[in-house]
Chemist: 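Please see the structure below; I have some questions.
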Amino acid sequence: MKQLLTAIFTALTFFSGAGYAQVAKGNLFIIGGGDRPASLMREMVATSRLKPTDYVVLLPMSGLNADTSFYYFNQDMKTVCSNVVANLNFKASDVNNKKWLDSLENAKLIFISGGDQERFMKIVLNTPVYTAIHKAYQKGATISGSSAGAAVMSKLMITGNELVGDTTLKSTFRKLQDKNLDIKPGLDLLTNAIIDQHFVVRSRYNRLLSAIAKYPDLACIGIDESTAIVVTGNKVKVVGESQVIVIKRPVDLKITDRGLIKMKDLQFSIFTAGDSFSLTN
């Protein structure tokens, strides 16, 4: 009898959990920053499977000038499709705006512009905006972003700030040192990887190596400019003009008494357009 009750409880727990954590039907289209050539925009539109009646939402909160972000994004979209683009510049006072939230939840493509990822998350985290993005993703929307809009995709977000190193240098890290990487909560759309952007152009290898040292069980992905990854479940496809660097599985990872990071080996891959890889192996 006790075994039967245990089995029933386990089954109920499983099914109630499955109902709570729905499997998303959408895709992620994560751009490493820089220019957005028409070929890349066409890939994004194709990934989104936009129908003529579907609309696109721009979330420009990472940047300082929402109208400028909207102008350039709208110009890029006009070259590849004729769908309506809505500019939803949420502020702290707008996060409960039901009309905007409904529009966000039912968008077929949501694009997060560049700027400062911390600025974006300060407005969105723990609000109905965060929930609406997840609901759209679960319904089948493509969530896209570039630069800061790429960094926010993961559960653990690289802010770009150094904590104990040379804090005056913003583009990359000068040291491979423990406790130097500043990580804050992101959108949690990508749970098993960390994203870095502008990767090859700004030589952010030290920053990504700092990430793998801090989170050795995750895939750490550096996306170069004018390049994107398309994430569907655990499957990833590379599109665009440059490269994507993926590092995983450090071997014999240690921190010295002086706080220096060291390891004997790790999996290091460089991918280009047309390549695919899995986040789970």
Side-chain angles (χ1 to χ4, degrees), residues 26-50 72-73 76-77 79-81 109 111-114 117 142-154 156-158 160 171-173 176 186 189-213 215-251 263 265-281:
N27 306 288
L28 305 178
F29 194 95
I30 309 174
I31 306 172
D35 293 335
R36 298 187 292 259
S39 57
L40 194 65
M41 299 298 287
R42 279 192 290 269
E43 290 273 10
M44 183 179 70
V45 170
T47 299
S48 307
R49 301 184 296 274
L50 287 173
Y72 286 110
F73 178 71
D76 287 344
M77 288 296 289
T79 65
V80 294
C81 71
L109 169 62
F111 188 88
I112 303 168
S113 64
Q117 52 264 43
T142 293
I143 314 299
S144 182
S146 182
S147 189
V152 301
M153 295 287 181
S154 50
L156 300 170
M157 179 185 75
I158 293 177
S171 62
T172 189
F173 284 11
L176 283 173
L189 297 167
L190 192 59
T191 59
N192 49 3
I194 294 176
I195 300 296
D196 207 345
Q197 68 277 12
H198 302 281
F199 194 78
V200 177
V201 169
R202 300 187 186 178
S203 194
R204 286 180 163 166
Y205 297 91
N206 285 355
R207 197 158 89 175
L208 205 62
L209 287 167
S210 299
I212 198 70
Y215 302 102
D217 295 330
L218 300 180
C220 292
I221 304 172
I223 309 170
D224 199 26
E225 296 183 355
S226 302
T227 308
I229 59 171
V230 184
V231 183
T232 306
N234 285 313
K235 302 295 184 183
V236 182
K237 181 178 73 172
V238 177
V239 298
E241 298 182 350
S242 187
Q243 294 127 309
V244 171
I245 281 74
V246 181
I247 58 176
K248 301 179 183 178
R249 296 189 180 87
V251 176
M263 61 191 78
D265 202 357
L266 81 164
Q267 183 178 321
F268 185 101
S269 305
I270 304 177
F271 299 104
T272 58
D275 292 335
S276 298
F277 60 93
S278 173
L279 294 173
T280 57
N281 57 30

Chemist: For the residue pair T142 and S48, what are the closest heavy atoms and their distance?
Modeler: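 Between these two residues, the closest heavy atoms are OG1-CA, 3.3 Å.
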Chemist: Is it true that atom NZ of K248 has more than 12 heavy atoms of other residues, nucleotides or ligands lying nearer than 6.0 Å?
Modeler: yes
Chemist: List the atom of A273, the atom of G240, and the distance in Å for their closest heavy-atom pair.
Modeler: CB-O, 3.4 Å
Chemist: Does the side chain of R202 come within less than 4.5 Å of T172's, by heavy atoms?
Modeler: no
Chemist: Quick one: does any side-chain atom of S210 pair with a main-chain N or O of L176 as donor and acceptor, under 3.5 Å?
Modeler: no
Chemist: Output the distance between atom OG (S113) and atom CZ (F73), rounded to the nearest 0.5 Å.
Modeler: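 The distance works out to 9.5 Å.
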Chemist: Could you walk me through whether S144 and L28 pass the side-chain contact (heavy atoms from CB on, under 4.5 Å) check?
Modeler: CA-CA 6 Å; S144 182; L28 305 178; over 6 Å; no
Chemist: Can you sort out the partners of R42 under side-chain contact (heavy atoms from CB on, under 4.5 Å), two or more places apart, ordered by chain and number?
Modeler: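 Testing R42 for side-chain contact (heavy atoms from CB on, under 4.5 Å), a comparison that skips the adjacent residues, returns A38, S39, V80.
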Chemist: What is the distance from atom CD1 of I30 to atom OG of S146, rounded to the nearest 0.5 Å?
Modeler: 11.0 Å
Chemist: Determine whether more than 12 heavy atoms belonging to other residues, nucleotides or ligands lie under 6.0 Å from atom OH of Y72.
Modeler: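 Open.
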Chemist: What distance do T232 atom OG1 and N27 atom CG have between them, rounded to the nearest 0.5 Å?
Modeler: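 The OG1 atom of T232 sits 3.5 Å away from the CG atom of N27.
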Chemist: Please name the residue in the list I223, T227, D224 that meets the side-chain contact (heavy atoms from CB on, under 4.5 Å) test with V200.
Modeler: D224
Chemist: Does the side chain of L109 reach to within under 4.5 Å of the side chain of M77, using non-hydrogen atoms?
Modeler: yes
Chemist: Pairing donors with acceptors under 3.5 angstrom, does anything connect the side chains of T280 and S278?
Modeler: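 Their side chains do contain a donor-acceptor pair, which is all the 3.5 Å distance test asks for.
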Chemist: Are side-chain heavy atoms of V230 and V239 found at a separation under 4.5 Å?
Modeler: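 Sidechains of V239 and V230: in contact.
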Chemist: Can you tell me how far apart CD1 (I212) and CZ (F268) are? Round to the nearest 0.5 Å.
Modeler: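 Taking CD1 in I212 and CZ in F268, the distance rounds to 11.5 Å.
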Chemist: Which pair of non-hydrogen atoms, one from S154 and one from A193, has the smallest distance, and what is that distance?
Modeler: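 Taking S154 first and A193 second, the nearest heavy atoms are CB-O, 3.2 Å.
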Chemist: Quick check: are there more than 12 heavy atoms from other residues, nucleotides or ligands sitting under 6.0 Å from CG of D35?
Modeler: no
Chemist: Check whether any side-chain heavy atom of L209 sits under 4.5 Å from a side-chain heavy atom of L266, and report yes or no.
Modeler: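 Yes, their side chains come closer than 4.5 Å.
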Chemist: Output all residues satisfying ring pair (Phe, Tyr, Trp, His ring centres under 6.0 Å) with F29, sequence neighbours left out; order by chain, then residue number.
Modeler: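 With neighbours one apart ignored, the set is empty.
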Chemist: Are the side chains of V238 and F277 in touch, meaning some heavy atoms are under 4.5 Å apart?
Modeler: yes
Chemist: Kindly give the heavy-atom pair with the smallest separation between S226 and G34, and that separation in Å.
Modeler: OG-C, 4.5 Å
Chemist: Measure the spacing between OG of S242 and CD1 of I270 and express it to the nearest 0.5 Å.
Modeler: 10.0 Å
Chemist: With a 4.5 Å limit on heavy-atom distance, are the side chains of I245 and I221 in contact?
Modeler: no
Chemist: Within the 4.5 Å heavy-atom criterion, are R249 and M263 side-chain neighbours or not?
Modeler: no
Chemist: Do L190 and I195 come close enough that some side-chain heavy atom pair is under 4.5 Å?
Modeler: yes
Chemist: I need the minimum non-hydrogen distance between Q117 and A151, along with the two atoms involved.
Modeler: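 Closest heavy-atom pair between Q117 and A151: NE2-CB, 3.6 Å.
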Chemist: With D196, which residues qualify under salt bridge (Lys or Arg N to Asp or Glu O under 4.0 Å), at least two apart?
Modeler: R204, R207
Chemist: Looking only at heavy atoms, which two atoms of A150 and Q197 are closest? And how far apart?
Modeler: CB-CB, 4.5 Å
Chemist: Could you tell me the separation between the CD1 atom of I112 and the CD1 atom of I143, rounded to the nearest 0.5 Å?
Modeler: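 It comes to 7.0 Å.
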Chemist: Ring pair (Phe, Tyr, Trp, His ring centres under 6.0 Å) for F199 and Y205? Distances and angles first, verdict last.
Modeler: CA-CA 8 Å; F199 194 78; Y205 297 91; 4.9 Å; yes
